[in-house]
Amino acid sequence: MQTIALKKITIIAEALLEKNLVRDIKAAGATGYTITTARGEGSRGVRASDWEGGNIKLEVLVSEKVAHSILEQISGQYFEDYAVIAYLENVEVVRGEKYLRT
Amino acid sequence: MQTIALKKITIIAEALLEKNLVRDIKAAGATGYTITTARGEGSRGVRASDWEGGNIKLEVLVSEKVAHSILEQISGQYFEDYAVIAYLENVEVVRGEKYLRT
Amino acid sequence: MQTIALKKITIIAEALLEKNLVRDIKAAGATGYTITTARGEGSRGVRASDWEGGNIKLEVLVSEKVAHSILEQISGQYFEDYAVIAYLENVEVVRGEKYLRT
């Protein structure tokens with residue numbers, strides 16, 4: 001089975017940021033994304049249940065270059081004012097070429 | 001803490017495929033699986049909310065050999081007709097020997 | 001984009017263990033966590049839907065040292081009596097220093 005090495009970005013944030021985050025990751029070159037509903041407690045000691053709507057966990061498969069664009073953007077725009085978590089993992093994607101913007 | 005290196009397969013698909021996917025991964029040698037409900041937008045530009053039932057995110061811990069059997073099977077059977085995403089990650093599993101089919 | 005290499009621990013367990021697991025991971029040094037609701041079938045052949053409340057998937061970003069403390073604790077306390085899954089992954093975390101206990 002042929003796979004392509006890509007980066008998976010996971011962003012955990014307040015649900016109210018969903019629309020903006022989706023806009024930002026697409027602008028940076030993501031071709032798709034997956035969202036699950038989450039809750040939790042962050043390093044700031046604020047429970048997600050204290051916010052209306054809880055948390056979302058947004059996952060995106062992208063090239064390393066797009067991954068870094070997304071993280072620069074998210075970090076600059078949201079980290080100061082919101083309890084956002086963002087991290088990168090290495091993944092091997094089946095038919096991964098469709099996640100590479102041409 | 002002793003751990004065993006395994007592969008984690010993640011499959012994101014329409015919820016209506018759940019029963020078939022579970023059957024297929026078990027037939028290929030998976031001993032268990034975890035499902036979370038998801039939504040999103042794929043490289044085909046179709047939102048999951050356009051399908052009845054949304055998406056599922058199915059995760060399976062398996063040996064590398066079983067991982068490749070599962071990906072061959074899923075890829076051959078669903079990738080042509082459905083918006084399926086499948087990828088592999090390396091994980092270190094506590095008491096991971098129980099995920100290895102004897 | 002500067003990132004810090006950390007470990008992500010994922011613990012999948014019966015929902016009734018949530019309070020205890022959160023207490024344990026904090027005691028071991030975790031500064032936050034994320035929970036999603038899950039279901040599935042384990043190597044013991046028990047479906048999560050057979051338990052009241054289903055499963056939770058708890059994710060924690062920690063240093064390697066804290067990761068091993070958590071896994072020792074979880075393994076010793078729950079693996080005998082409960083259908084718990086625990087595994088480690090390598091992640092690159094944006095502004096990851098806040099997950100390191102000082």
Side-chain angles (χ1 to χ4, degrees), chain A residues 1-13 15 17-40 48 53-64 66-67 70 87-102, chain B residues 6-15 21 24-25 28 34-51 54-60 62-92:
Chain A
M1 172 56 52
Q2 184 109 23
T3 57
I4 290 189
L6 293 173
K7 296 289 180 185
K8 184 177 80 171
I9 296 182
T10 302
I11 300 166
I12 297 159
L17 292 181
E18 176 174 333
K19 205 172 165 183
N20 288 353
L21 288 168
V22 166
R23 180 201 60 205
D24 293 342
I25 61 168
K26 286 182 173 180
T31 60
Y33 61 88
T34 300
I35 291 175
T36 46
T37 301
R39 57 205 167 82
N55 274 0
I56 55 162
K57 183 179 166 188
L58 191 159
E59 290 169 297
V60 197
L61 300 175
V62 286
S63 67
E64 181 152 13
V66 171
I70 289 175
Y87 55 88
L88 276 181
E89 288 168 282
N90 294 315
V91 295
E92 293 286 330
V93 184
V94 178
R95 304 202 184 168
E97 61 281 358
K98 68 186 167 194
Y99 302 98
L100 299 174
R101 206 179 224 186
T102 50
Chain B
L6 292 173
K7 296 288 180 185
K8 184 177 81 173
I9 297 182
T10 302
I11 301 165
I12 297 159
E14 299 168 55
L21 288 168
D24 294 341
I25 61 168
T34 300
I35 292 176
T36 46
T37 301
R39 57 204 168 82
E41 201 171 329
S43 58
R44 299 183 183 198
V46 184
R47 285 174 177 279
S49 54
D50 296 345
W51 307 318
N55 274 0
I56 55 162
K57 183 179 169 189
L58 191 158
E59 290 168 297
V60 197
V62 287
S63 67
E64 181 151 16
K65 195 181 152 196
V66 171
H68 285 279
S69 297
I70 289 175
L71 293 182
E72 291 283 359
Q73 164 74 6
I74 299 301
S75 173
Q77 191 149 358
Y78 303 105
F79 270 60
E80 204 63 45
D81 299 325
Y82 299 94
V84 174
I85 299 168
Y87 55 87
L88 276 181
E89 288 166 281
N90 294 316
V91 295
E92 294 285 331

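Given the structure is predicted, the values throughout are model-derived calculations rather than measurements. By convention in this document, chain letters (A, B, ...) are assigned in the order of the sequence lines, proteins followed by strands, and residues within each chain are numbered from 1.
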Problem - Pairwise distance CG(A:Leu61) to OG1(B:Thr10) - rounded to 0.5 angstrom - result: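 Between A:Leu61 CG and B:Thr10 OG1, I get 9.0 Å after rounding to 0.5 Å.
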
Exercise for the section: Output the distance between atom CD (A:Gln2) and atom CG (B:Leu71), rounded to the nearest 0.5 Å. Expected result: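 One gets 12.5 Å once the value is rounded to the nearest 0.5 Å.
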
Between [X] and chain A, with a heavy-atom cut-off of 4.5 Å, which part of the residue counts as in contact: side chain, backbone, both or neither?
{"X": "B:Ile12", "answer": "side chain"}
{"X": "B:Ile85", "answer": "both"}
{"X": "B:Thr36", "answer": "side chain"}

Practice task
Using distance alone, with no hydrogens and no angle criterion, decide if A:Tyr33 and B:Glu41 have a side-chain donor and acceptor under 3.5 Å apart.
Solution key: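 Yes, B:Glu41 and A:Tyr33 have a side-chain donor paired with an acceptor closer than 3.5 Å.
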
Practice task
Answer yes or no: is there an ion pair linking B:Arg39 with A:Glu18, defined by an N-O contact shorter than 4.0 Å?
Solution key: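 Yes, B:Arg39 and A:Glu18 are salt-bridged.
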
Exercise for the section: Run the salt-bridge test on B:Lys57 and A:Glu59 with the 4.0 Å N-O cut-off and return the result as yes or no. Expected result: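 Here B:Lys57 pairs with A:Glu59 in a salt bridge, since their nearest N and O are under 4.0 Å apart.
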
Problem - Heavy-atom closest pair, residues A:Lys98 and B:Val84 - result: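 Closest pair (atom of A:Lys98, atom of B:Val84, distance): NZ-O, 3.7 Å.
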
Exercise for the section: Against chain A, work out which of B:Lys7, B:Lys8, B:Glu72, B:His68 has the most heavy-atom pairs shorter than 4.5 Å and name it. Expected result: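 The residue among B:Lys7, B:Lys8, B:Glu72, B:His68 with the greatest pair count is B:Glu72.
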
Practice task
Apply the test side chain to side chain contact (heavy atoms under 4.5 Å, CB included) to residues A:Thr3 and B:Tyr87: give CA-CA distance (whole Å), side-chain angles for both, the deciding distance (0.1 Å), then the verdict.
Solution key: CA-CA 8 Å; A:Thr3 57; B:Tyr87 55 87; over 6 Å; no

